[in-house]
Amino acid sequence: MQNNLFIYNSLSKKKELFKPLHSSFVGLYVCGPTVYSDAHLGHARPSITFDLLFRYLTHLEYKVRYVRNITDVGHLENDADEGEDKIEKKARFEHLEPMEVVQKYMNSFNKNMEQLNTLHPSIEPRASGHVIEQQELIKILIEKGYAYEINGSVYFDLLKYNKEYHYGKLSGRVLEELQSNTRALDGQDEKRNSFDFALWKKATPEHIMRWPSPWSDGFPGWHLECSAMSTKYLGDEFDIHGGGMDLQFPHHECEIAQSTAALGKEPVKYWMHNNMITINGQKMARSLDNFITLDQLFSGNHPVLQQAYSPMTIRFFILRAHYRSTIDFSNEALQAAEKGLQKLMKAIETLNKLKPSASSTIDVTTLEKKCYEALDDDLNSPILLSHLFEGVKFINSVVDGSEKIDDPGLEALKDLFNTFVFEILGLKDETTGKGDEKLTGELMKIIVDLRQDSKNNKDWATSDKIRTNLKNAGIELKDLKDGVDWERE
RNA sequence: GGUCGGUUAACCGAGUGGCUAGGUAGCGGUCUGCAAAACCGUUUACGGCGGUUCGAAUCCGCCACCGACCUCCA
């Protein structure tokens with residue numbers, strides 16, 4: 001299997017040619033959400049970024065196992081390891097069983113992801129379903145001397161680990177500096193060092209989510225689940241690990257430390273991190289309370305939103321920027337994305353109605369090559385889109401008569417748009433399927449005929465009245481050179 | 001304070017040494033009974049100061065501003 005895909009590896013800080021560990025198989029692990037509230041715009045970024053990667057690798061005929069976890073336990077409020085489990089906190093707040101909270105927000109997350117047309121991962125494991133695997137991992141770490149137990153809790157010994165390996169290589173940290181820069185937090189007394197992190201926490205009496213273990217009735221630390229589940233489903237070593245840039249430290253460093261200590265080798269070949277979505281120049285995050293949920297975007301129901309934005313507008317908005325750049329939220333940018341997407345979709349509709357000529361003035365092969373080059377260059381979706389818009393201009397020029405396309409070219413161009421727009425970028429036409437298309441078509445034909453009669457009689461008042469009233473009803477008429485086109489707004 | 005990244009035209013957003021990115025919004029034109037759409041043309045760029053080079057948005061240095069991480073976060 002061959003490819004020219006270069007991806008930016010956060011570990012080496014360079015673009016590297018992607019070579020999978022096992023020729024035709026790819027193992028991909030992406031950090032999923034902690035399910036304690038509705039998904040917001042920020043959550044759409046990694047989902048869409050790695051959906052694009054998943055789709056492209058699949059298109060390249062790799063057999064991809066895409067694992068995205070659901071964090072439904074053990075996620076503490078702060079790294080003092082004395083905080084409150086987010087899910088339990090929410091459960092008390094909403095008077096629900098913790099697992100009810102998990103189910104509720106897992107469902108809404110999945111619904112939102114389907115709306116965004118992201119493909120389901122191959123496996124969506126839940127941390128709560130892998131407590132045994134996590135405990136096994138802890139046992140290995142204790143045996144090998146990388147973890148220690150105190151008062152029923154188990155911590156990772158970073159000082160010991162750092163003697164043999166380099167903790168901080170992904171995020172460019174040095175342990176000694178971390179020690180001096182770590183803020184003084186309460187409740188760290190029992191750890192040997194402030195930077196050691198919890199693998200297992202003994203539950204306080206009021207803590208509901210708890211599991212028996214050799215050390216105490218308790219629950220696993222956050223970083224552990226990803227190590228345990230990625231190893232279980234993708235093996236000791238796998239190809240790509242993805243997630244948001246904000247997870248690089250400490251989460252991904254801890255993952256590397258846990259897996260490397262337990263297995264004696266580094267687990268991940270390529271680390272990929274998507275950048276953040278900002279609002280007013282600041283990161284959008286639940287903890288900063290400046291987020292807009294996806295449901296709010298889809299409905300327009302939020303004070304800062306001037307209108308509703310469809311799921312595909314959001315998807316297009318995100319694909320318009322490279323995944324390693326920040327995207328600043330604004331109504332203007334979203335409206336521009338909406339218009340651009342409409343233009344693209346309209347052109348594809350036009351393409352399917354195009355009549356071939358005897359000759360062609362376009363080289364589809366070159367265009368296709370440029371599209372692949374864009375994706376191969378670290379998934380450069382904005383460049384890919386700029387090439388597709390070249391195609392859009394060409395399609396419209398054929399209608400206009402200034403360009404021509406022959407039958408093979410037409411088929412190739414249709415194929416190209418199909419492949420890149422729908423299959424790889426994962427966009428879809430949102431206008432179809434509304435109402436009774438067939439009947440509407442028949443009725444529109446009658447109305448357009450009647451209007452043509454009045455136009456032939458130069459009865460502009462009537463023809464304009466028909467057009468205006470249709471517009472008020474949400475249908476726009478366009479008088480073309482030969483015939484009339486109409487579309488829903 | 002430490003580490004890292006960013007600053008591109010009205011807005012968004014690509015681009016790593018010479019070649020029109022693209023989208024949205026303006027403006028002018030073609031087409032049209034008018035309009036819309038489309039097409040053609042077009043206006044504001046590379047934070048500042050220095051350096052390297054025949055040539056820099058792109059490389060180097062300094063400065064300014066913004067942000068991310070250093071607590072949970074996608």
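Here is the naming used below: chain letters follow the sequence lines, and residue numbers restart at 1 for every chain.
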Next on the checklist: Give me the stems containing RNA chain B, sorted by first residue, counting only three or more consecutive Watson-Crick or G-U pairs with both distances under 3.5 Å; say none if there aren't any.
Outcome noted: B:1-7 with B:64-70, B:10-12 with B:22-24, B:26-30 with B:38-42, B:47-51 with B:59-63
Next on the checklist: Distance check, C1' atoms only: rA45(B) and rG22(B), in whole angstrom units.
Outcome noted: 15 Å
Checklist entry - Heavy atoms under 4.0 Å, any strand shown: does Q282(A) hit a base, just sugar-phosphate, or nothing? => result sugar-phosphate
Item to check | salt bridge (Lys or Arg N to Asp or Glu O under 4.0 Å) partners of R45(A), counting only residues at least two apart | outcome: none
Checklist entry - Is it the case that S227(A) and S259(A) place a side-chain donor and acceptor less than 3.5 Å from each other? => result yes
Next on the checklist: OP1 or OP2 of rA74(B) versus the side-chain N and O atoms of R286(A): is any pair under 4.0 Å?
Outcome noted: yes
Item to check | Out of rG15(B), rC69(B), rG22(B), whichever nucleotide has its closest atom nearest the side chain of N380(A) | outcome: rG15(B)
Checklist outcome for this item: Here the distance between atom P of rC66(B) and atom CE of M276(A), to the nearest Å, is 21 Å
Next on the checklist: When the P atoms of rC11(B) and rU44(B) are compared, how many Å lie between them, rounded to an integer?
Outcome noted: 15 Å
Item to check | Touch class at under 4.0 angstrom, heavy-atom based, for G281(A) against every strand present | outcome: sugar-phosphate
Item to check | First of Y323(A) and P33(A) reached from the 5' end of RNA chain B, by closest nucleotide | outcome: Y323(A)
Item to check | Within residues 364-374 of chain A, residues whose heavy atoms come under 4.0 Å of RNA chain B | outcome: none
Next on the checklist: So does G281(A) get a backbone contact from the side chain of D328(A), meaning a donor-acceptor N/O pair under 3.5 Å?
Outcome noted: yes
Item to check | Pairwise P distance, rA10(B) and rU43(B) [rounded to whole Å] | outcome: 13 Å
Checklist entry - So, N193(A) versus Y155(A): side-chain donor-acceptor pair below 3.5 Å or not? => result no
Checklist outcome for this item: Between CG of L425(A) and C1' of rG22(B) the distance, given in whole Å, is 14 Å
Checklist entry - If we take the P atom in both rG61(B) and rU52(B), what is their distance in whole Å? => result 15 Å
Next on the checklist: From CD of E390(A) over to P of rA14(B), roughly how many Å is that when rounded to an integer?
Outcome noted: 18 Å
Checklist outcome for this item: L334(A) atom CG is separated from rA25(B) atom C1', nearest whole Å, by 15 Å
Checklist outcome for this item: Atom CZ of F195(A) and atom P of rG2(B) are separated, to the nearest Å, by 20 Å
Next on the checklist: Applying side-chain hydrogen bond (donor to acceptor under 3.5 Å, both in side chains) to N110(A) and E114(A), what does each step give before you reach the verdict?
Outcome noted: CA-CA 6 Å; N110(A) 279 324; E114(A) 273 177 25; over 6 Å; no
Item to check | Of H43(A) and I383(A), the one whose closest RNA chain B nucleotide lies more 5' | outcome: I383(A)
Checklist entry - F316(A) has an atom CZ; how far is it from atom C1' of rA14(B), in whole Å? => result 13 Å
Next on the checklist: Classify the ring geometry of H252(A) against H273(A): parallel below 30°, tilted from 30° to 60°, perpendicular beyond 60°.
Outcome noted: tilted
Next on the checklist: Quick check against the 3.5 Å criterion: does T34(A) have a side-chain atom that pairs as donor or acceptor with the backbone of T71(A)?
Outcome noted: no
Checklist entry - Counting N and O atoms only, with roles assigned by atom type, does the side chain of E368(A) sit under 3.5 Å from a partner on the main chain of L416(A), one being a donor and the other an acceptor? => result no
Checklist entry - Does Y8(A) have any ring-ring contact (aromatic ring centres under 6.0 Å, His included) partners at least two apart in sequence or in another chain, and if so, which? => result none
Checklist entry - Which part of the nucleic acid does K283(A) contact within heavy-atom distance under 4.0 Å: base, sugar-phosphate only, or nothing? => result base
Item to check | Nearest-angstrom distance, C1' atom, rG55(B) to rG17(B) | outcome: 8 Å
Next on the checklist: Rounding to an integer number of angstrom, what distance separates rG23(B) and rU8(B) when you compare their C1' atoms?
Outcome noted: 15 Å
Checklist entry - Is there any salt bridge (Lys or Arg N to Asp or Glu O under 4.0 Å) pair reaching into residues 461-480 of chain A, and which pairs are they, with sequence neighbours excluded? => result R451(A)-D479(A), K455(A)-D479(A), D464(A)-R467(A), R467(A)-D479(A), K471(A)-E476(A), K471(A)-E489(A), K478(A)-E487(A)
Enumerate the protein-to-nucleotides 4-13 of chain B contacts in which both atoms are nitrogen or oxygen and the separation is below 3.5 Å.
unit_1  : atom_1 : unit_2  : atom_2 : d
rC12(B) : O2'    : R320(A) : NH2    : 2.4

Checklist entry - Taking atom C1' of rA68(B) as reference, at what distance in whole Å does atom CG of D246(A) sit? => result 9 Å
Next on the checklist: For the residue pair D449(A) / Q452(A), report whether a side-chain donor-acceptor contact shorter than 3.5 Å exists.
Outcome noted: no
Checklist entry - In terms of ring plane angle, is the pair Y167(A) and Y161(A) parallel, tilted or perpendicular, where the classes change at 30° and 60°? => result perpendicular
Checklist outcome for this item: Under a 4.0 Å heavy-atom cutoff, the residues of residues 106-116 of chain A touching RNA chain B are none
Next on the checklist: I need the full list of ring pair (Phe, Tyr, Trp, His ring centres under 6.0 Å) pairs touching residues 363-405 of chain A, with sequence neighbours left out, sorted by first then second residue.
Outcome noted: H59(A)-Y372(A), Y372(A)-F420(A)
Checklist entry - If we take the P atom in both rC46(B) and rG41(B), what is their distance in whole Å? => result 24 Å
Next on the checklist: Using a 6.0 Å distance limit plus a 45 degree cone around the ring axis, check whether R68(A) lies over the aromatic ring of F50(A).
Outcome noted: no
Checklist entry - Any ion pair linking R126(A) and D72(A) (charged N to carboxylate O, less than 4.0 Å)? => result yes
Next on the checklist: In this structure, how many angstroms lie between the C1' atom of rU24(B) and the CG atom of L385(A), rounded?
Outcome noted: 14 Å
Item to check | Any residue meeting ring-ring contact (aromatic ring centres under 6.0 Å, His included) with H43(A), in chain and number order, not counting sequence neighbours | outcome: H40(A)
Item to check | Counterpart residues, ring-ring contact (aromatic ring centres under 6.0 Å, His included), relative to F54(A) (two or more places apart) | outcome: Y66(A)
Next on the checklist: Applying a 4.0 Å non-hydrogen cut-off, can you work out what M245(A) is touching in the nucleic acid: base, sugar-phosphate, or nothing?
Outcome noted: nothing
Next on the checklist: Using the side chain to side chain donor-acceptor pair (under 3.5 Å) criterion, which residues pair with D239(A)? Sequence neighbours excluded.
Outcome noted: none
Item to check | Inter-nucleotide P distance (rG29(B), rA36(B)), Å rounded | outcome: 13 Å
Checklist entry - In B/S/- notation, 5' to 3', how is nucleotides 31-44 of chain B contacted by protein heavy atoms closer than 4.0 Å? => result --BBBBSSSS----
